[in-house]
Amino acid sequence: MKERIDSAIMGALENLKIPHSASLIIIDIIYLLAFFALSLLVYFIVKKTAFYVIKRITAKTKKQWDSLISSKALQRALKIIPAAIIYFLLYLMPQIKDILELVLMIYIALMSYYTISALLDAVNIIYEKKYNGLEKKPITGFLTVAKIVFFVIILIIILSRLLGQSPIYIISGLSALSAITLLIFKDAILGMVAGFQISSNDLVRIGDWIEMPKYGADGFVMSISLTFVKVRNFDYTITTIPAYSLVSDSFKNWRGMFKSGGRRI
């Protein structure tokens, strides 16, 4: 079937006096456009079906699971379908196979990262809705670390394909630049270590009232991220504290007083 289509297109191009080498590329581009249209059709059918099924399922479950849809994790995952379909049909387009394979691989890798990132955001939203008040332990730091690790893996894969080298070679090159890497990402690394210590030792939770005169903080903890902790003071001003300062410096946490039923005066 393909041979017949190729010969028909080739004959039409020869009548237009187009060189043979250019004709082969034009044939592959025609196949690419046809496969792209087919992949879009499959994408819209799968998207409509998937959203219909998931909405029916989430209608019978708790409301917080709706975040899996609102976070756009599913939308981003479905966008991989057209690229995957074309990727598996590359053998039918030998003239443009190499460049298409590289472009599609980068697209799929980046879209996979965005999908995982959106999924982790949805997990955080569900966690925020499920646990409220003083019983909520921060997980934002762990989720941010997971995003960074996954991004580094994706970056290594992309660089290895662009440079035509093994991922081990890329990792060894990054290891040689470890001093510069530590200097650039010093705050992120310190915040990551502090985040693990804060969570494992249960030093601070969202909703705790902490007092840290060094940074002018005296109020409720609003959020805990990888690099900083945001505190809303009693006068409704906002103070931002480096996350590692909660481990390296001393501060006062009034959680015990609230749990005992007391009140700060």
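Both backbone and side-chain heavy atoms feed into the values below; hydrogens, waters and symmetry mates do not. The model shown is predicted, which means the values in this text are computed figures rather than measured ones.
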Do [X] and [Y] touch side chain to side chain, with heavy atoms closer than 4.5 Å?
{"X": "Met105", "Y": "Leu102", "answer": "yes"}
{"X": "Trp209", "Y": "Asp218", "answer": "yes"}
{"X": "Met212", "Y": "Leu246", "answer": "yes"}
{"X": "Phe251", "Y": "Val204", "answer": "yes"}
{"X": "Met93", "Y": "Phe35", "answer": "yes"}

Open item on the list: Can you confirm whether more than 12 heavy atoms, excluding those of Tyr43, are under 6.0 Å from its OH atom?
Closed with: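 Check passes, neighbour count above 12.
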Open item on the list: Taking CD1 in Ile99 as the centre, count heavy atoms belonging to other residues, nucleotides or ligands within less than 6.0 Å. Is the count above 12?
Closed with: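 It does not: Ile99 CD1 has 12 such atoms or fewer within range.
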If every non-hydrogen atom of [X] is compared with every non-hydrogen atom of [Y], which pair is closest and at what distance?
{"X": "Ile80", "Y": "Ser112", "result": "CD1-OG, 3.8 Å"}
{"X": "Tyr107", "Y": "Ala83", "result": "CD2-CB, 3.5 Å"}
{"X": "Ala217", "Y": "Ile241", "result": "CB-CD1, 3.5 Å"}

Open item on the list: Please check this pair: side chain of Ser160 against backbone of Ile157, looking for a donor-acceptor N/O pair closer than 3.5 Å.
Closed with: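 Checked: pair present.
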Same apolar cluster (I L V M F W Y, side chains within < 4.5 Å links), [X]/[Y]:
{"X": "Phe88", "Y": "Met111", "answer": "no"}
{"X": "Phe234", "Y": "Ile238", "answer": "no"}
{"X": "Leu78", "Y": "Phe36", "answer": "yes"}
{"X": "Tyr113", "Y": "Ile153", "answer": "yes"}
{"X": "Leu162", "Y": "Val152", "answer": "yes"}

Rounded to the nearest 0.5 Å, what separates atom [atom1] in [X] from atom [atom2] in [Y]?
{"X": "Ile210", "Y": "Lys252", "atom1": "CD1", "atom2": "NZ", "answer": "12.5 Å"}
{"X": "Ile154", "Y": "Ile106", "atom1": "CD1", "atom2": "CD1", "answer": "11.5 Å"}
{"X": "Tyr215", "Y": "Thr240", "atom1": "OH", "atom2": "OG1", "answer": "11.5 Å"}
{"X": "Leu100", "Y": "Ile86", "atom1": "CG", "atom2": "CD1", "answer": "7.5 Å"}
{"X": "Ile158", "Y": "Ile108", "atom1": "CD1", "atom2": "CD1", "answer": "11.0 Å"}
{"X": "Ile29", "Y": "Leu32", "atom1": "CD1", "atom2": "CG", "answer": "7.5 Å"}

TODO: Please list all pairs passing the salt bridge (Lys or Arg N to Asp or Glu O under 4.0 Å) test where one or both residues lie in residues 145-165, with sequence neighbours left out.
DONE: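 Listed by first then second residue: Glu101-Arg161, Asp121-Lys147.
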